[in-house]
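Right, one structure below, let's go through it.
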Amino acid sequence: MPRKIPLSKGNHITGFHPIRPGHGMVAFESKLECDFLSWIAKFGGNPTVTSQPLTTKYLDHNNIWRKYTPDFLIAYPTLIPTQLQKWNFSTNTIIEIKYFAEAEEKSATIQRKLNAVRKMGYRTVLLTEIDITGERYE
């Protein structure tokens, strides 16, 4: 089912990004997600990139069930590019994209969400703007 990007109600950007010829466009909901799509495309390896690939449930700190939809699934047909091994990518990796400040502030919640996805058998990677661009966004 194609992902619907809502109209922006602020100063953030949304849209669709090309990965490579023949892949099709991938939806993004922020400048950082767009930067990630450019970043991942440069490594080659012909990955399939799926935006918001699944929804699962996790228990929050109050023992209340919450829904979680990760940002991307990156699927490599065979070998993972060597440059991505330092981030612990596998052939099927769920990616969560957060600004560094938010990743620090919400670390416990993010880990609960990623643990729910790991229980489904996926490898998970949390990336910030420092990983993607080498610098913090203000």
Side-chain angles (χ1 to χ4, degrees):
M1 173 169 84
R3 178 172 159 194
K4 294 189 183 208
I5 303 289
L7 291 176
S8 175
K9 293 186 172 72
N11 60 358
H12 61 280
I13 63 169
T14 61
F16 296 89
H17 190 292
I19 297 297
R20 67 174 185 285
H23 182 282
M25 304 293 265
V26 178
F28 63 87
E29 295 182 326
S30 70
K31 178 181 183 327
L32 186 55
E33 286 186 8
C34 183
D35 290 346
F36 164 75
L37 292 170
S38 295
W39 179 81
I40 200 71
K42 77 179 182 182
F43 293 110
N46 293 322
T48 299
V49 181
T50 306
S51 180
Q52 296 188 341
L54 58 91
T55 298
T56 189
K57 293 182 179 182
Y58 71 99
L59 279 174
D60 73 8
H61 65 284
N62 292 318
N63 262 356
I64 297 171
W65 286 103
R66 305 284 184 185
K67 288 184 181 180
Y68 168 57
T69 303
D71 294 318
F72 300 100
L73 169 64
I74 308 297
Y76 284 93
T78 54
L79 298 175
I80 298 102
T82 307
Q83 306 95 317
L84 296 176
Q85 291 175 4
K86 82 175 196 177
W87 284 282
N88 207 24
F89 275 67
S90 70
T91 52
N92 288 294
T93 307
I94 292 289
I95 307 296
E96 183 63 24
I97 306 295
K98 292 286 182 224
Y99 291 98
F100 182 82
E102 183 180 4
E104 277 192 328
E105 178 186 330
K106 298 179 180 178
S107 175
T109 299
I110 293 168
Q111 287 310 310
R112 287 177 185 270
K113 292 175 178 182
L114 295 178
N115 284 339
V117 174
R118 285 185 204 111
K119 288 178 183 175
M120 299 172 70
Y122 289 99
R123 179 90 44 97
T124 63
V125 174
L126 170 65
L127 296 171
T128 71
E129 72 273 21
I130 296 170
D131 300 306
I132 296 166
T133 69
E135 58 188 45
R136 272 184 87 163
Y137 292 171
E138 297 301 322

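For Ala101, the side-chain contact (heavy atoms from CB on, under 4.5 Å) partners are Arg136, not counting sequence neighbours. Taking the side-chain contact (heavy atoms from CB on, under 4.5 Å) definition, one finds that Thr82 meets it with Gln85, sequence neighbours left out. For Ile64, the side-chain contact (heavy atoms from CB on, under 4.5 Å) test picks out Asp60, Asn62, Arg66, with sequence neighbours left out. The salt bridge (Lys or Arg N to Asp or Glu O under 4.0 Å) test applied to Asp131 returns no partner, not counting sequence neighbours.
Across all non-hydrogen atoms, the minimal contact from Pro47 to Gly44 is CD-O, 3.5 Å. Scanning all heavy atoms of the two residues, the minimum distance from Gly45 to Pro77 falls at O-CD, 3.5 Å.
The side chain to side chain donor-acceptor pair (under 3.5 Å) contacts involving residues 98-109 comprise Glu96-Lys98, Glu102-Lys106, where partners must be two or more places apart or lie in separate chains. Residue pairs meeting the salt bridge (Lys or Arg N to Asp or Glu O under 4.0 Å) criterion with at least one partner in residues 39-59, sequence neighbours excluded, are absent.
Hydrophobic cluster membership differs between Tyr68 and Ile97, with clusters built from Ile, Leu, Val, Met, Phe, Trp and Tyr side chains linked at under 4.5 angstrom. Hydrophobic clustering, with ILVMFWY side chains joined whenever heavy atoms are under 4.5 angstrom apart, keeps Ile110 apart from Trp65. Linking Ile, Leu, Val, Met, Phe, Trp and Tyr residues whenever their side-chain heavy atoms come within less than 4.5 Å places Phe89 and Phe43 in a single cluster. Hydrophobic clustering (side-chain heavy atoms under 4.5 Å, transitive across Ile, Leu, Val, Met, Phe, Trp, Tyr) groups Leu37 together with Ile13. Neither Ile95 nor Leu114 shares a network with the other; the hydrophobic side chains, linked directly or stepwise wherever heavy atoms of I, L, V, M, F, W or Y lie under 4.5 Å apart, form separate groups for each.
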Dump the intermediate steps for side-chain contact (heavy atoms from CB on, under 4.5 Å) on Tyr76 and Leu84, then the final yes or no.
CA-CA 11 Å; Tyr76 284 93; Leu84 296 176; 3.0 Å; yes
Test side-chain contact (heavy atoms from CB on, under 4.5 Å) on Ile40 and Phe72; report intermediate values, then the result.
CA-CA 11 Å; Ile40 200 71; Phe72 300 100; over 6 Å; no
Test side-chain contact (heavy atoms from CB on, under 4.5 Å) on Leu73 and Leu54; report intermediate values, then the result.
CA-CA 9 Å; Leu73 169 64; Leu54 58 91; over 6 Å; no
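Under the 3.5 Å distance criterion, with hydrogens and angles disregarded, no donor-acceptor pair is assigned to the side chains of Arg112 and Asn115.
Remark: Asn88 CG to Arg123 CZ distance equals 4.5 Å, nearest 0.5 Å.
Classified by interplanar angle (parallel below 30°, tilted 30° to 60°, perpendicular above 60°), the ring pair Trp39/Phe36 is tilted.
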